[in-house]
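Residue numbers start from 1 in every chain, and the chains themselves are labelled A, B, ... in the order their sequence lines are given, proteins ahead of strands. Just so we're clear, the structure is a prediction, and the values are computed from it rather than from any experiment.
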Amino acid sequence: QQQVKQSPQSLIVQKGGISIINCAYENTAFDYFPWYQQFPGKGPALLIAIRPDVSEKKEGRFTISFNKSAKQFSLHIMDSQPGDSATYFCAAESMADRGSTLGRLYFGRGTQLTVWP
Amino acid sequence: DSGVTQTPKHLITATGQRVTLRCSPRSGDLSVYWYQQSLDQGLQFLIHYYNGEERAKGNILERFSAQQFPDLHSELNLSSLELGDSALYFCASSVYTDTQYFGPGTRLTVL
C-alpha cells in the first residue's frame, strides 16, 4: 500500500511557468514532509521540507503548501527553468515515532518534470 | 555533493551470487539508512542503523542484511541474487532522524 500518493507522474512546463506537484497521505502520525530532487545518475537531494504546524514554506522559487485537514501537500516551482528538469519526490516521516519505523521515509512515486526553454 | 560516499558505483554480477555495498556517512552523522530504487517499486526504505544498532526495518528481504561498524560506515550485503534485485541502492545519513542526505548510489545489475 502506497503511504504517499504523488501526482502527476510527468509534467511539462514552459520556461517561466509554474510547476505544481501534489501529494496526499493517510497516516496522521506523519509530522515531517520533505521534497527531494533527483537528476539522472544522482542520488535524491533535499529541496525543501515542512512540518504540519505551518501551512506554507517558501525558499527562493520553491514553495510547499500544506493542508493538514485534507492530508495533502504540494510543491510549487515558480519561474520554472530548464535546469529544474528532474524527478521530484515527496516524502513523509513520523519523526515522533520511536518504534519500528524510526527514521523511515515513505516516498511518493515521483514526478518527472521537463521545462522547455 | 552530499558528503555521503558509496562504493562501488556500478556492480554487475550473476544470479545466485553475493555482493557487498559500502556506505560512508557524512562526518558527524550517526544514522545510516539504506533505500532501494527500482522502476516498478520506486524508492523503498530497507533499514536504518543508528550508532551501530538497528533501529528500523522496512521492506528488506531475508537474503539481504546490513550492519554499521564502530567507525559508522555501513555495509549492505545482498545474497542469492535474483534478476529482480537489479536496482539502484542508496545510502543516506543524518545526525539522528532529521534531514537525510543521500549518497550517489550503487547501480546493481544481476545477469
- prompt: Taking only heavy atoms into account, what residues of residues 72-85 of chain B are found under 4.5 Å from chain A?
  reply: none

- prompt: With a 4.5 angstrom heavy-atom cut-off, which part of B:Asp1 approaches chain A: side chain, backbone, both or neither?
  reply: neither

statement: Rounded to the nearest 0.5 Å, the CZ atom of A:Arg104 sits from the CZ atom of B:Arg55 at a distance of 15.5 Å

query: Would you say A:Gln9 has more than 12 foreign heavy atoms packed within less than 6.0 Å of its CD?
result: no

task: Pick one of side chain, backbone, both or neither for B:Tyr50, based on which atoms fall under 4.5 Å of a heavy atom in chain A.
output: neither

Part of residues 12-29 of chain B lying next to chain A, heavy-atom separation under 4.5 Å: none

message: Check this for me: A:Glu56, atom CD, are more than 12 non-hydrogen atoms of other residues, nucleotides or ligands nearer than 6.0 Å?
response: yes

statement: Separation between CZ (B:Phe45) and CD (A:Glu93), nearest 0.5 Å, reads 9.0 Å

message: Tell me if the CD atom of B:Glu53 is crowded by more than 12 foreign heavy atoms within 6.0 Å.
response: no

Portion of A:Pro34 that has a non-hydrogen atom of chain B nearer than 4.5 angstrom: neither

message: How about CG on B:Leu111, more than 12 heavy atoms from neighbouring residues, nucleotides or ligands closer than 6.0 Å, or not?
response: yes

task: Write out, in numerical order, the residues from residues 105-117 of chain A with a heavy atom short of 4.5 Å from a heavy atom in chain B.
output: A:Leu105, A:Phe107, A:Arg109

message: Report, in residue-number order, which members of residues 98-110 of chain B are under 4.5 Å from chain A by heavy-atom distance.
response: B:Asp98, B:Thr99, B:Gln100, B:Phe102, B:Gly103, B:Pro104

